[in-house]
Every structure is written in C-alpha cells, then in structure tokens.
Amino acid sequence: MYDLFYLFIFIITFLRISRNKMYFKTRTHTCGELRESNIGENVVLNGWVDTRRDLGGLIFIDLRDRYGITQIVFEPNFSKEAHETASSLRSEFVISIEGKVRKRPEGTENPAISTGQIDVMVNKLIILNEAKTPPFPIKDDIDTSEDVRLKYRYLDLRRPALQQNILMRHKMYQLVRKYFDGNDFVEVETPVLMKSTPEGARDYLVPSRLHKGKFYALPQSPQQYKQLLMVSGLDRYFQIVKCFRDEDLRADRQPEFTQIDVEMSFIDQENIFEMVEGLMNILFREILNQKLSTPLPRLTFDQALEKYGSDKPDLRFNLEMVTLNHVFENTAFKVFQDHIKNKGIITGMVAPGCGDYTRNQLDIITDFVKKLGAGGLIWMRVKDNDLEAPIAKFLTDEEKKNLIQSLKAKPGDLIFILSGSRLKALSIMGSLRLEMARRLDLIKPDTAPKLLWVTDFPLFEWDEQTKRFYAMHHPFTSPRLEDVEYMETDPAKVRARAYDLVLNGTEIAGGSIRIHNADLQAKMFKTLGITEEEAEHKFGFLMNAFKFGAPPHGGIAFGFDRMAMIFAGESSIREVIAFPKTASAVSIMDDAPSTVDENQLKELHIKIR
RNA sequence: GGGGUCGUAGUUCAGUUGGUUAGAACGCCUGCCUGUCACGCAGGAAGUCGAGGGUUCGAGUCCCUUCGGCCCCGCCA
C-alpha cells in the first residue's frame, strides 16, 4: 500500500522535473578533475558558467565548480543544437553538459589551469538555471567594497579565494577533532542558554517566555561548564564551540566567534603546554606546511611588556624596547625625574636608519602616540659622537653616552623615548613599535610565523573607575602558589597561573590552571570584593560542585577564527567566517538585528523604551 | 562613547576656483566573428552624485544635520 503511494509520488515528481527540463545526469567528474588520461571519454559535468568567449561559430565556456575550471567547447558541426543553446549562456548560469574529452589542439593549451591540456566538446547542454548578472565578478583579487561583498555573501563565497579559506577552516576542524580524540579527550556540548554572569564581557541576553522578567545569557565561553565536567570526572574535555560577547568589534573580533575549548584534570601548566604544542605542530605541518620547533619560546608578562610593550608581542621583527630608568637615575631633566620618583618608567626604542626623518615625519609620529594618550614623544637623532634632539641640552654627556650604549644605537639611527606610568608608557611604545615595523616594512609576506607563550600574568587588574581589583583572566584562575601570601597584603604583586599563546602578535589562545580548593576560592572572592552572598548568588553551583571532590584542573581556549585568519594570511577575521557581521554587528545580507512583531515582544513580557 | 577615513553608473574610480548636457575603465545589451582563455571588432543603454536641510542666479563641489562601510582608542581575552 505504502509502496504504491511512494511510487505515485515518484512518478509525479519525475514528470514535473522533466517537464521543467530540470532532468540532468549526475556528473561523472568535477570541473577540476579531467586530465590527458581522460582523453576520449564521454563525460558529464555540472557547474557554473565562469566566463564565456563567443567567437560566433565557436563558443568557449569556462565551467566552474568548487574543484576547478574546465573549458568546454560548442561547435555547430559537432552539435548544432548545443551550439545554438550555448549562445544564450551568460555568467553564472548553472548548466549540465555531456561531451567528449579531447586534447586541445597544439598551441592552444592553457598551462595556468590544471585541466588546461584538455577541453570537452559538448554534444548536449541543459540550462539548469539562469542567473542575473552578479554585482561583482566571481573571481579572485576583485576590488569591491566589503559591504557589497557582505550583502551578496553567497556570491562572495563562490570566489575561489574565499572557498579556499572555508576549506582550510574545515581541514582545521578535522585536524583538531582528530588530535584531541586521539589523546582521549571527550567532545561535550554545553548549553547555549545559560545563566548570565556579570563578570567579564557584556552578555547577549535571551528573554524567557515562561519566566516573566528573567533572562538567559549566551555563553561568553563555556568556562564554568567545562570545570564542572572535570568535577564529573570526564578528565579530558574539548569542544569546538560558538561563544558570544556583546562588545564593540574589531578586525579580529566578531560578536559571535568560535573557540576550541579544552580542559584537563590532574595536570599542571606544563602538561597543557605540551598538549597544545602537539596540536600546533600538526596545524603548522598540515596547514602551513612548516615544521614548528617545540618547546615554544616563553616570555613572562613582565618581559613581554618591557621588551615589546604588549602582552601579545609580535616577534617576527626585532625593534626591542629598553627600560632606561637606570640611565636617568640622577637626571636634571624634570620630566624624567618626576616619572622616576612616581614609580613610572622611561622606555626607549631605536628606529634603525631613521635619523634622516624630517621634522614633519616626526610630528606625524608624535601625533600618533599622542592620540594613544601619550603626553609627548621624545626623539633624538644619533650623530657620530652626539645626539641631536630638542631635549639634548638637558642631558649630561654621561647620560647621552649611557643612553646610546643601553639602546645599542648607531649613528644614523633615531631614538624614541616615552616616559610615564609603567603600563601606559610601555603599551604606547608597543604601539609605536608596531607602527615603525609597518613604516620600515619589516614584515614581509614570507616572514616566518612566530609562536610563543606569554606566562605569569598578573592575577588582578586594578580598575581606577570603580577603585577595585578585577580578575585579569577570570575569578577561577589560580594564583602561583608562592604568591598566595600576597593576596591580602599586595594583590597587584600576585601572579596567576595563566598563559596566552601568541601567534604573530595576535593572541590565539589563553588559559589557566584553576582554583580547585574552596578556601583559596574564598580568598579570591574576598580580594575581588565579592561577598559570600554574591559569590553564592553568581557562582553558587560551581562553588557547590567543588565541595564534592574537584580534581586539580586547568585548560585553555583557542580563538579559532583568529588562528584561521593568520593561517589563511588574512588581516580580517571576516575572511574566514562564512557569514560575518560588520563593525557595527549588523548582518547586511539578512538584515539582522531587526525589529520584531509586537506580539513576540508581548509573549516575552518586553516593552521597548 | 571618542578619533580617523571613505561614500559619484552594476563595479572600481576621475570630476579643477561653485558654472552649460556629470566622465573613464570593466561589466551589461545588440550585431559581426571557427581555437579563444583579459577573445577581437562595431554600436548602444546605464546616475536619487548615501540621505535631509541650508547658502547661492547656479551645488557632485561650500555649510549644517544625519545614515552607512572600514580602521583605531575606550570596551573586550
């Protein structure tokens, strides 16, 4: 009975399809597949019309699919009918053809494409779908504004370059899954609708229909769940997971992004490093075709800040910064004097060979640092036995000599000096360091990638506005055990068992060893000014879980999109995300976010104000 | 929230001190063309100069407001 029914449906469908001339044969090959070895074969190809070269009596079509391009040829004396139909073909028409693979005539081969030795003589053409002229050409290296590309993202994704990025990303997913599975990690999905936690980034909220006035939050990361999974005894967890943060966007920041989330039990920092380096080895080999030498270099947070002015230093070029406080210990120069007295810092950097920068160029650079909040920029041209600078007259010969020596400056170089509060002066010089690298073109396309660990982050961060300490990483991060004693006396001095993985000046992963001991966690909350009641209210379930036997544990989370961006050689994360949002968190293609029906709001007990 | 930059044909851009009918290239359309691959040749169509307001005899151009893209600071690991 049912069989008859399905047979009926099948016949109806078949009739409808054939009446619409939609019937076509399954392809025998892809458009990137045919070679000289296929010459003489009858083949079926399906794909898009890439380009059309209509010579009148002879029509060439480049047929494109994800796998490549094959040239197909329409000749009237081979198939008059196909040739006639072919004259109506236009860019991006979807077609199906049958034909015979031929060697191209001597001298007409196209070495630029892998199928360039052959073409396919078509004897049957079916137009599966016509297409409007696309708003931009479907080819690489196009010069089209990004908003147009985003509006027609499905067309943008037809371009080979973007498809390559998506395919590379796919390969990364597979390598990651295989690696962690091979190391006994369990992939677990954690909830997307969860409890809002006020610490950290702003949450995306989801109103509850069933519970008036209550909200879920989308996860900023599955942090607490993965720690609970350790309490559950899963021992090794990973997940490739979407995370959400309602903060302003950047070239490397989207409101929704993907993490590789990892957590392990009964381990210390070194075990995490080893596991991560194993993964990076594989990714470097399989994606970049490069051998990564491990163990990776490490810098402490303090070292990174002093030498590179950043907690995510780009080590692809040198331009190291040098702290100069010792040079100016007894200086008569008032600005330096004050900063030394106020526990500030004087930091210097040499711009090699830039001694010929004009006053105008130096003004532009001064303006650059001023925009970042610097009071001013001190510059000095290094001469054969002297320094030429506006402030030179305030310095003793001894100071000049020590300065040149400390910076290892040479005649013809330019010296930059910034002074001020430690964190600010160093990070502004760090920005100037990156700016000078751009100006001096120190990062070439073939410059080797540089991967390193940054360790020993401060546990706390002082916030001037609210006059309290915040957890730099998150409130479950363990202090270094030898620093626990300072938690009450001098919190700023406490270093965390936290670490970042930095690739080419971009943070691609960050993690920590967690607190698994209730007493230490209580101490942590106390330093953060979180009362017991607050802690109970915000993190009670986690605290409670820890009372039932929490193993020592720690983990790390990778910014998957950023990693993909760098591997793909792109400078925006949007180039490796299929459907990204603009800098104002809008999706131009589908017009999200959008207004909703008043009834929807009513159901959710929400009123717009 | 702040700073920078851009917005002119489908696309990428030019457009002088405010001056007649806003141009180019590519793309698109029509015709011709049997070995092209950036096909070629001939012809053609195509504009809310982001939007709104103002100054002016006259605004793509000057002024104000506003919207949008991109980058950066703040924010965010």
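In what follows, every chain begins at residue 1, and chains take the letters A, B, ... in the order their sequences are listed.
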ask   = For residues 45-64 of chain A, which residue pairs qualify under salt bridge (Lys or Arg N to Asp or Glu O under 4.0 Å), counting only residues two or more places apart or in two chains?
value =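 Listed once each, the pairs are A:Asp50-A:Arg64, A:Arg53-A:Asp62, A:Arg64-A:Glu92.
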task = Sequence neighbours left out, what pairs pass salt bridge (Lys or Arg N to Asp or Glu O under 4.0 Å) with at least one residue falling in residues 103-118 of chain A?
result = A:Glu36-A:Lys103
Which pairs, protein N/O on one side and nucleotides 73-77 of chain B N/O on the other, fall under 3.5 Å?
| residue | atom | partner | partner atom | Å |
| --- | --- | --- | --- | --- |
| B:C73 | OP2 | A:Arg250 | NE | 2.9 |
| B:G74 | N7 | A:Arg250 | NH2 | 2.8 |
| B:G74 | O6 | A:Arg250 | NH1 | 2.9 |
| B:G74 | O6 | A:Arg250 | NH2 | 3.2 |
| B:G74 | N1 | A:Asp248 | OD2 | 2.6 |
| B:G74 | N2 | A:Asp248 | OD2 | 3.2 |
| B:C75 | O2' | A:Glu247 | OE1 | 2.5 |
| B:C75 | O2 | A:Arg253 | NH2 | 3.1 |
| B:C75 | N3 | A:Arg253 | NH1 | 3.4 |
| B:C75 | N3 | A:Arg253 | NH2 | 2.7 |
| B:C75 | N4 | A:Arg250 | NH2 | 3.3 |
| B:C75 | N4 | A:Arg253 | NH1 | 3.2 |
| B:C76 | O2 | A:Arg253 | NE | 3.4 |
| B:C76 | O2 | A:Arg253 | NH1 | 2.7 |
| B:C76 | N3 | A:Arg253 | NH1 | 3.2 |
| B:A77 | OP1 | A:Ala201 | N | 3.0 |
| B:A77 | O3' | A:Arg245 | NH1 | 3.4 |
| B:A77 | O2' | A:Glu507 | OE2 | 3.3 |

message = Holding to ring-ring contact (aromatic ring centres under 6.0 Å, His included), I want the full list of residues that pass it with A:Tyr499, two or more places apart in sequence or in another chain.
response =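 Partners of A:Tyr499 under the ring-ring contact (aromatic ring centres under 6.0 Å, His included) test: A:Phe273.
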Could you tell me which residues satisfy side chain to side chain contact (heavy atoms under 4.5 Å, CB included) with [X], sequence neighbours excluded, listed by chain and number?
{"X": "A:Ile142", "answer": "A:Phe136, A:Pro137, A:Lys139, A:Thr144, A:Arg159"}
{"X": "A:Asp590", "answer": "A:Ser587, A:Ala592"}
{"X": "A:Lys242", "answer": "A:Phe244, A:Glu256, A:Thr258"}
{"X": "A:Phe317", "answer": "A:Asp314, A:Leu319, A:Arg433, A:Leu434, A:Ala437, A:Leu442, A:Ile443"}

query = Can you give one letter per nucleotide of nucleotides 28-33 of chain B, going 5' to 3': B for a protein heavy atom under 4.0 Å from the base, S for sugar-phosphate only, - for none?
reply = SSS--B
remark   = Per-nt protein contacts along nucleotides 9-15 of chain B (heavy atom under 4.0 Å; B base, S backbone sugar-phosphate only, - none) come out as -SSS---
query = How many Å lie between CG on A:Leu58 and P on B:C39, as a whole number?
reply = 14 Å
Under 3.5 Å, which protein N or O atoms sit close to an N or O of nucleotides 44-47 of chain B? Give each pair with its distance.
none

Ignoring hydrogens and angles, write down the donor-acceptor pairs under 3.5 Å from the side chains of residues 366-376 of chain A, residues two or more places apart or on other chains.
| residue | atom | partner | partner atom | Å |
| --- | --- | --- | --- | --- |
| A:Thr366 | OG1 | A:Leu362 | O | 2.7 |

